[in-house]
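Numbered from 1 within each chain, the chains take letters A, B, ... in sequence-line order.
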Amino acid sequence: DGGITQSPKYLFRKEGQNVTLSCEQNLNHDAMYWYRQDPGQGLRLIYYSQIVNDFQKGDIAEGYSVSREKKESFPLTVTSAQKNPTAFYLCASSDDLGGMNNEQFFGPGTRLTVL
Amino acid sequence: GNSVTQMEGPVTLSEEAFLTINCTYTATGYPSLFWYVQYPGEGLQLLLKATKADDKGSNKGFEATYRKETTSFHLEKGSVQVSDSAVYFCALSFTGGGNKLTFGTGTQLKVEL
């Protein structure tokens with residue numbers, strides 16, 4: 001089955017530690033995205049990547065870093081510089097063909113809790 | 001910049017009631033519009049979409065019409081079920097430029113027997 005996987009589903013870390021969230025897709029999509037979801041605030045874009053070895057900051061990139069070494073993988077690192085990292089993190093992917101088929105497909109999410 | 005405004009929830013309905021969730025947007029140009037649904041503890045699933053003015057998106061009994069004149073994309077369903085209980089997000093994006101989505105804050109729907 002094609003889709004997006006995120007692991008782990010729940011993650012706990014101590015304050016001051018960096019943590020990396022995994023996102024893998026087998027949809028052969030060029031574009032991948034990371035969103036953060038907080039109660040009452042909808043989803044906010046952290047980083048996105050349209051092609052391997054290239055990525056751009058979204059609306060709330062401070063305290064986060066990403067890499068895109070392979071087309072199918074887009075890991076997100078939450079660094080100690082992120083002031084309020086506890087949240088639900090969602091990864092997504094889409095064809096970025098410049099046409100009208102710009103639906104994004106989402107993974108199941110990772111809930112990060114910093115203690 | 002672009003923005004999406006949704007009615008606040010939670011919206012609580014009895015089974016078989018009529019549902020409307022309002023969504024309006026602010027954007028320069030003509031974006032594609034989407035409704036996504038999120039069930040508890042899960043990621044988002046695309047419910048329906050419309051890519052140009054007057055298009056109607058529909059899926060699983062839900063409908064929404066792209067109204068350019070009122071910059072709206074209200075979600076409707078004629079008869080809701082308990083299984084429709086979820087959070088609904090309205091969103092917009094523009095073709096190209098990364099296809100970034102701008103989301104509303106989400107509306108929680110609770111359907112009771």
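Proximity to chain B among residues 7-16 of chain A is limited to A:Lys9, judged by heavy-atom separations below 4.5 angstrom. Contacts of residues 79-92 of chain A with chain B at a heavy-atom distance below 4.5 Å involve A:Phe88, A:Leu90, listed in sequence order. Using non-hydrogen atoms only and a strict 4.5 Å limit, the part of residues 104-113 of chain B facing chain A consists of B:Gly104, B:Thr105.
B:Tyr36 places a side-chain N or O within 3.5 Å of a backbone atom of A:Gln104 that can act as its donor or acceptor partner.
Residues A:Tyr64 and A:Leu45 are members of separate hydrophobic clusters, defined by side-chain heavy-atom contacts under 4.5 angstrom among Ile, Leu, Val, Met, Phe, Trp and Tyr. Clustering ILVMFWY residues whenever any of their side-chain heavy atoms sit less than 4.5 angstrom apart, transitively, puts B:Leu47 in the very cluster that holds B:Ile21. Residues A:Phe55 and A:Tyr35 are members of separate hydrophobic clusters, defined by side-chain heavy-atom contacts under 4.5 angstrom among Ile, Leu, Val, Met, Phe, Trp and Tyr. Residues B:Tyr39 and B:Leu19 fall within the same hydrophobic cluster, defined by Ile, Leu, Val, Met, Phe, Trp and Tyr side chains chained together at heavy-atom separations under 4.5 Å. With hydrophobic clusters built from ILVMFWY side chains whose heavy atoms lie under 4.5 angstrom apart, B:Leu48 shares a cluster with B:Val4.
Side-chain contact check for B:Phe103 versus A:Arg44: every heavy-atom pair is 4.5 Å or farther apart. In this structure, A:Tyr48 and B:Lys100 have side chains that are in contact, with non-hydrogen atoms separated by less than 4.5 Å. Here the side chains of A:Leu43 and B:Leu101 are not in contact, with every heavy-atom distance at 4.5 Å or above.
Within 6.0 Å of OH in B:Tyr30 there are 12 or fewer heavy atoms belonging to other residues, nucleotides or ligands. More than 12 heavy-atom neighbours from other residues, nucleotides or ligands sit within 6.0 angstrom of CD on B:Glu69. More than 12 heavy atoms of other residues, nucleotides or ligands lie within 6.0 Å of CD in A:Gln56, so this atom counts as buried by the packing criterion.
In terms of heavy-atom pairs under 4.5 angstrom with chain A, the leader among B:Leu46, B:Thr102, B:Val87, B:Leu44 is B:Leu44.
Residue A:Gln6 does not touch chain B at all, counting heavy-atom pairs closer than 4.5 Å. Neither the backbone nor the side chain of B:Gln6 comes within less than 4.5 Å of any heavy atom of chain A.
For A:Phe105, the ring pair (Phe, Tyr, Trp, His ring centres under 6.0 Å) partners at least two apart in sequence or on another chain are A:His29.
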